[in-house]
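When a ligand or atom number is given, it counts from 1 through the structure's own listing order. Since this is a predicted model, take the numbers as computed values, not measurements. No hydrogens, no waters, no symmetry mates; every other heavy atom, side chains included, goes into these values.
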Amino acid sequence: MQLTITGLSKTYPNGVQALKGVDLTIQQGLFGLLGPNGAGKSSLMRTIATLQEADSGSIFLDDLDVLKEKSQVRKILGYLPQEFGVYPKITPDVLLDHIARLKGVANGKERKELVGALLNRVNLYNDRKKNLGTFSGGMKQRFGIAQALIASPKLIIVDEPTAGLDPAERNRFYNLLSELGENTIVILSTHIVEDVRTLCSDFAIICQGEVLRHDQPDEAVNDLNGNIYSKVITKTSIEDYRSKYQVISVQIKGGNLTIRIFAESDPGDGFIAQPAILEDVYFHQISGKMNVITL
Ligand code: ADP
């Protein structure tokens, strides 16, 4: 199974060009979508999820024309938007049963089995009689995944799913996504760059509606190895360093700044060579595009 996006463009009525000729080929497994706010990630995901139209371009899931055959796509799609509402006074088993009925599972016994299996899958079976309003952020997200899994989807889209989750909840949620990635295409947008390194077999960086890079995380990191150097500097000298070096990220530590730079060869000047991390790839890629100051 393969998702092929070609020349996808979208301009909103207010004139914002959210997607500018996006080309991407996405295989089975976990695919990470990285990019700053406003990059076009949600626009891309909503378009793949058949929730909005593109102006031009095409999306094919194998030979299924996603932009034309929307109802076919919806049968095999699981979508977890950035924010979704739950009815607070309803229990997860009742709401899942209701959604399964809407999705066409007419037989009551079949639905009961399906709902039980889904609740087990996302580790919420023991909480099935609690009102959704009492759920933690992580439990709500796992419920969101359960509803997205109702149709045994071949394509799963999750938009910044870990916002508001604590680290343990985030881990559990990612384990679940990894399992799903074994036999489906899972597209995941996130702000947490290192999570893409750990989880995803493939990733893309998008910025201002364009794909800046599409690669495997390990390959991308290897590309920068030998080119990353760091140094602790005083706050007041930052502009000086920016004018001399290609600064890709700046972190405040104990009143001083630690800068990471990209350099073709050892710059000397007190810099220490560092192993590259995916965040370097990310900032290196978008800094040229946006002139970002990353503190
Ligand atoms: P991301 O998910 O990467 O933060 P979005 O796809 O939400 O990016 O947004 C891309 C750009 O399109 C932004 O400039 C945003 O303000 C704009 N945008 C998103 N949705 C709409 C909309 N419905 N109408 C007008 N502009 C929009």
* Asked: If you count the non-hydrogen atoms of other residues, nucleotides and ligands that lie under 6.0 Å from OH in Tyr87, is the total more than 12?
  -> no
* **Any donor-acceptor N/O pair, Gln246 side chain to Ala263 backbone, under 3.5 Å** => no
* Asked: Without hydrogens or angle criteria, can the side chains of Tyr174 and Thr198 be said to hold a donor-acceptor pair below 3.5 Å?
  -> no
* Of Arg128, Lys109, Lys103, Arg111, the residue whose pairing with Asp97 passes salt bridge (charged side-chain N to carboxylate O under 4.0 Å, His left out) -> Arg111
* Using heavy atoms and a cut-off under 4.0 Å, could you grab the residues that are in contact with ligand 1, chain by chain, numbers ascending? => Tyr12, Asn14, Val16, Ala18, Pro36, Asn37, Gly38, Ala39, Gly40, Lys41, Ser42, Ser43, Arg46
* Asked: Are Tyr229 and Tyr245 close enough that their ring centers fall under 6.0 Å?
  -> no
* Asked: With distance as the sole criterion, is a donor-acceptor pair present between the side chains of Ser136 and Glu169 under 3.5 Å?
  -> yes
